[in-house]
Amino acid sequence: MSRISKNVILVVLTLTSSAFLLFQLYYYKHYLSAKNGSGLSKSKGSRIGFDGMQWRAVKKFIMLTSSQNVRVFLIDPLILELINKNFEQVKNTSHASSTSECKVFCVPRDFTTFALQYQLWKNEEGWFWIAENMGFQCLKIESKDPRLDWIDSLSGTEIPLHYICKLASHAIHLVVFHERSGNYLWHGHLRLKGHVDRKFVPFRKLQFGRYPGAFDRPELQQITVDGLDVLIPKDPVHFLEEIPHSRFIECRYKEARAFFQQYLDDNTVEAMTFQKRAKELLQLAAKTLKKLGVRFWLSSGTCLGWFRQCSIIPYSKDVDLGIFIQDYKSDIISAFQDAGLPLKHKFGKVEDSLELSFQGKDDVKLDIFFFYEETDHMWNGGTQAKTGKKFKYLFPKFTLCWTEFVDTKFRVPCETVEYIEANYGKNQQGL
């Protein structure tokens, strides 16, 4: 019996895939379009605003994603704000109920923003092809996967970050969320490559993509808005509050590799044990402070370890966090004690140079420094445990960004270089 050549098999598979995609497109045009069209026009009398391009573009996009079982959810700040203002009314609206006026999706705007989790997307290329056959003009934004920068052989592998699909005068911005180690979602920077038409859409008006962002994984719920079934975050207020504080910066993996080429990593049992205990202490502190609703960030030696070598400095012997004094809560000490971390030292007072120190396992200490804001700088106080001598450390003003460190999402100063240099000077390599 003659052996079937690989080329014949490849041709058969290609024809089968093409036939399947054509069937899906036929199914959409001749079944879903009619079904959704009739389902959305049952209300009696005139329907105000439903002929607008914004509503029609969103409707068509939802039909597309539904036909492909692509689980997208609405993250558009303007639309979520409108939904949240009338949340009880929207929540009790069913798809079958009569809607005479388009109140949300017909609001004038250039974009409507949705998101999806990439690991749940099974047919990206087929979806893209069908979208264009439905009349969308789509732009795909890709960039290298920062999660692989630590691995030389995989560094540079590209992943999809954003889709922008335009239908006439309205565009759908699809933000692609990727899972990160700390059980949170991350999206990348929307950086246009040289061949992209800068006039394709008004890119500067996009709400997402000016910088990478990190978000808690949202629980989703389905609601009906202007006759359209959409998924939204179950807690839209929390998601909206996350947006202006979502900026994410990566650990400097390439610089960390260079550091370890010059200074060998400490792989002794003592060093590895300390790093394990410090990681556990950091994660416990993060859990405790999150429960209290207190913002904090990696500070001092812990921040230096993240910035310089993307790991905990094995000889530092403690873990350092910073908190703005305005975020101080009176039950912070009892919360840590309830978590199994007894208070070791308390220096200063809330009004001046407060510093708290808690005892972790195996003599690993957690130091929390409270920062005070002045007109043109910030500062925190320090006290020498043996002598009681006080110090004042000055920092240029800074804001907070998210990062990933020891498989957890933490905040760090966005202006990291200036922050580190204020603490340790311009050359930190040998510290």
Side-chain angles (χ1 to χ4, degrees), residues 144-157 180-182 186 212 214 248-286 296-322 357 359-369 380 382 384-385 391 393-396 398 400-431:
K144 65 179 183 177
D145 188 342
R147 297 168 295 182
L148 303 178
D149 274 357
W150 189 251
I151 308 169
D152 278 326
S153 60
L154 296 176
S155 179
T157 303
R180 299 288 294 240
S181 298
W186 168 91
F248 183 95
I249 53 180
E250 292 288 349
C251 179
R252 308 185 313 155
Y253 296 110
K254 290 181 180 178
E255 289 80 358
R257 286 204 301 267
F259 176 83
F260 285 121
Q261 287 173 358
Q262 185 175 359
Y263 304 93
L264 294 179
D265 197 5
D266 187 347
N267 292 319
T268 62
V269 173
E270 293 80 4
M272 294 175 70
T273 300
F274 166 73
Q275 288 177 316
K276 180 176 182 294
R277 293 299 186 211
K279 175 181 177 178
E280 293 169 349
L281 183 55
L282 271 171
Q283 292 175 337
L284 178 58
F296 69 96
W297 63 92
L298 305 180
S299 191
S300 302
T302 306
C303 187
L304 175 63
W306 165 80
F307 175 76
R308 186 180 63 183
Q309 58 210 68
C310 299
S311 64
I312 295 168
I313 299 173
Y315 50 82
S316 58
K317 305 306 177 189
D318 58 19
V319 168
D320 304 305
L321 300 179
S357 182
Q359 186 61 61
K361 291 181 181 179
D362 296 338
D363 208 31
V364 180
K365 190 161 53 80
L366 169 66
D367 291 329
I368 299 180
F369 302 97
N380 76 277
Q384 199 171 60
F391 301 91
Y393 302 98
L394 304 182
F395 294 82
F398 58 89
L400 297 177
C401 288
W402 290 109
T403 194
E404 186 174 307
F405 187 59
V406 296
D407 300 324
T408 307
K409 186 178 72 164
F410 288 106
R411 291 184 181 92
V412 291
C414 302
E415 300 77 14
T416 316
V417 174
E418 293 83 356
Y419 187 86
I420 294 288
E421 288 180 353
N423 237 338
Y424 298 103
K426 291 186 178 295
N427 181 20
Q428 313 95 28
Q429 292 301 304
L431 293 178

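As a basis for the values below, the full set of heavy atoms in this structure was taken, side chains included, without hydrogen atoms, waters or symmetry mates. Model, not experiment: these values are computed from the prediction. Residues take their numbers from the sequence shown, with the count starting at 1.
- Taking each heavy atom of F405 and F410 in turn, the nearest pair found is O-CE1, 3.4 Å.
- When all heavy atoms of L366 and A285 are compared, the pair lying nearest together is CD2-CB, 3.9 Å.
- Here the side chains of L304 and I313 are in contact, with some heavy-atom distance below 4.5 Å.
- Between the side chain of T302 and the main chain of D320, a donor-acceptor pair closer than 3.5 Å is present.
- The environment of NZ in K361 is sparse: at most 12 heavy-atom neighbours from other residues, nucleotides or ligands sit within 6.0 Å.
- What you find for N423 and S300 is that their closest heavy atoms are ND2-CA, 3.5 Å.
- Here the CH2 atom belonging to W306 is positioned 12.0 Å from the CD atom belonging to E404, to the nearest 0.5 angstrom.
- Distance check, rounded to the nearest 0.5 Å: CD of E415 to CD of E421 gives 13.0 Å.
- One distance of note links OG of S311 with CG of D265; it measures 6.0 Å at 0.5 Å rounding.
- To the nearest 0.5 angstrom, D407 atom CG is 11.5 Å from L282 atom CG.
- By the salt bridge (charged side-chain N to carboxylate O under 4.0 Å, His left out) test, R147 is found to be paired with D145, residues two or more places apart in sequence or in another chain being considered.
- Evaluation of the disulfide bond (SG atoms under 2.5 Å apart) rule for C310 yields C251 as partners, not counting sequence neighbours.
- When side chains are defined from C-beta on, F274 does not count as touching D362, because their heavy atoms never get closer than 4.5 Å.
- Atom-to-atom distance recorded for T403:OG1 and R411:CZ is 12.5 Å, nearest 0.5 angstrom.
- Side-chain atoms of P212 and W186, non-hydrogen and from C-beta on, do get closer than 4.5 Å to each other.
- Here the side chains of L321 and D367 are not in contact, with every heavy-atom distance at 4.5 Å or above.
- The shortest heavy-atom contact between N267 and M272 is O-SD, 3.4 Å.
- P146 places a side-chain heavy atom less than 4.5 Å from the side chain of R180.
- When every heavy atom of C414 is checked against every heavy atom of L400, the shortest pair comes out as SG-C, 3.1 Å.
- A distance of 11.0 Å separates CZ of R252 from CD of Q309, quoted to the nearest 0.5 Å.
- Remark: the backbone N or O of D266 is not paired with any side-chain donor or acceptor of T268 at under 3.5 angstrom.
- When each of F307, F395, Y393 is checked for a ring pair (Phe, Tyr, Trp, His ring centres under 6.0 Å) with Y419, only F395 meets the rule.
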